[in-house]
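Structure record follows, encoded as structure tokens.
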Amino acid sequence: MESWLSRLEALIHDYVEEVQTLERNRKFGDGLFGLRPGPADNPCHDRFAADVKRLFEDCRDAAPDSGECAGLLRCLFTAAEPWRELRSAYWMLIAVQGCGMELIDRLSHADAAALAELYAAQYPRHERLPVQDKLLKKLRAV
């Protein structure tokens, strides 16, 4: 059986690849002034978010150990940074971080503390969205 981590990595890879293709095939004016839909309006973003949410729910229901959860969350929390310039993918990769809430309660104190430290360093306070503040607060509470 494929691991939760390899499934998440495959979802992220396929999603980013699809967004890159959309950007490459973008026509002049796509997405401007709401006249024609652009790459940011493609249904692939919603599909990706739903797939990630389902993966985290399924993983939670399978009751993985702390180490497996920590690896999955580390992947989720670090996935956006390499794609900062691919704006529509970057913001969706930030948005789906909220799915990580499903697994935080399964972390050991040590794993949660290590992830909180990584997360705080990766996303400085002045750049964080409300969902990211909630994630960090929950990680620190374990």
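We use all heavy atoms of the structure for the numbers below, so side chains are in, but hydrogens, waters and symmetry mates are not. Residue numbers start at 1 and run along the sequence shown.
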Worksheet item: Asp111: what forms a salt bridge (Lys or Arg N to Asp or Glu O under 4.0 Å) with it, not counting sequence neighbours?
Response: none
Worksheet item: Mind checking what makes salt bridge (Lys or Arg N to Asp or Glu O under 4.0 Å) contact with Lys134, not counting sequence neighbours?
Response: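 Listed in chain order: nothing, the list is empty.
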Quick check: do [X] and [Y] have side-chain heavy atoms less than 4.5 Å from each other?
{"X": "Leu55", "Y": "Leu72", "value": "yes"}
{"X": "Ile94", "Y": "Tyr123", "value": "yes"}
{"X": "Leu73", "Y": "Leu135", "value": "no"}

Fill in: Test ring pair (Phe, Tyr, Trp, His ring centres under 6.0 Å) applied to Phe56 - qualifying residues, sequence neighbours left out
none
Discussion item. Test side chain to side chain contact (heavy atoms under 4.5 Å, CB included) on Ile12 and Cys75; report intermediate values, then the result.
Written reply: CA-CA 10 Å; Ile12 292 168; Cys75 176; 4.1 Å; yes
Looking at residues at least two apart in the chain, or sitting in another chain, which of them share a side-chain hydrogen bond (donor to acceptor under 3.5 Å, both in side chains) with [X]?
{"X": "Glu117", "value": "none"}
{"X": "Arg47", "value": "Glu18"}
{"X": "Thr78", "value": "none"}
{"X": "Glu57", "value": "Lys53"}

Worksheet entry | Derivation of the side chain to side chain contact (heavy atoms under 4.5 Å, CB included) call for Leu93 and Glu81 | CA-CA 9 Å; Leu93 289 164; Glu81 193 55 35; over 6 Å; no
Find the distance between [atom1] ([X]) and [atom2] ([Y]) and round it off to the nearest 0.5 Å.
{"X": "Arg54", "Y": "Cys99", "atom1": "CZ", "atom2": "SG", "answer": "10.5 Å"}
{"X": "Ser66", "Y": "Leu107", "atom1": "OG", "atom2": "CG", "answer": "5.0 Å"}
{"X": "Leu22", "Y": "Asn42", "atom1": "CG", "atom2": "CG", "answer": "4.5 Å"}
{"X": "Gln122", "Y": "Gln97", "atom1": "CD", "atom2": "CD", "answer": "8.0 Å"}

Worksheet item: What pair of heavy atoms forms the shortest contact from Cys59 to Pro64, and how long is it?
Response: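 Looking at all heavy atoms of both residues, the closest pair is O-CD, 2.9 Å.
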Fill in: Minimum heavy-atom distance Val19-Cys44, with the two atoms named
CG2-SG, 4.2 Å
Item to complete: Not counting sequence neighbours, list each pair that qualifies as a ring-ring contact (aromatic ring centres under 6.0 Å, His included) and has a residue in residues 77-99.
Response: Phe77-Tyr119
Worksheet item: Are Arg84 and Glu127 close enough for a salt bridge, meaning some N to O gap below 4.0 Å?
Response: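 Between Glu127 and Arg84 there is a salt bridge, with a charged N closer than 4.0 Å to a carboxylate O.
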Practice prompt. Please name all residues satisfying side chain to side chain contact (heavy atoms under 4.5 Å, CB included) with Ala120, sequence neighbours left out, ordered by chain then number.
Written response: Arg128, Leu136, Arg140
Item to complete: With sequence neighbours excluded, tell me which residues meet side chain to side chain contact (heavy atoms under 4.5 Å, CB included) with Glu85.
Response: none
Worksheet entry | Trace of the side chain to side chain contact (heavy atoms under 4.5 Å, CB included) decision for Glu9 with His13 | CA-CA 6 Å; Glu9 289 170 337; His13 175 269; over 6 Å; no
Discussion item. By the salt bridge (Lys or Arg N to Asp or Glu O under 4.0 Å) test, which pairs, at least two apart or in different chains, include something from residues 86-106?
Written reply: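 Applying salt bridge (Lys or Arg N to Asp or Glu O under 4.0 Å) to every pair that reaches into residues 86-106, excluding sequence neighbours, yields Arg60-Glu102, Asp105-Lys138.
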Worksheet item: What residue pairs, at least two apart or across chains, pass salt bridge (Lys or Arg N to Asp or Glu O under 4.0 Å) with a residue in residues 62-80?
Response: none
Item to complete: Given side chain to side chain contact (heavy atoms under 4.5 Å, CB included), test Phe48 with Asp14 step by step and report yes or no.
Response: CA-CA 9 Å; Phe48 171 70; Asp14 292 348; over 6 Å; no
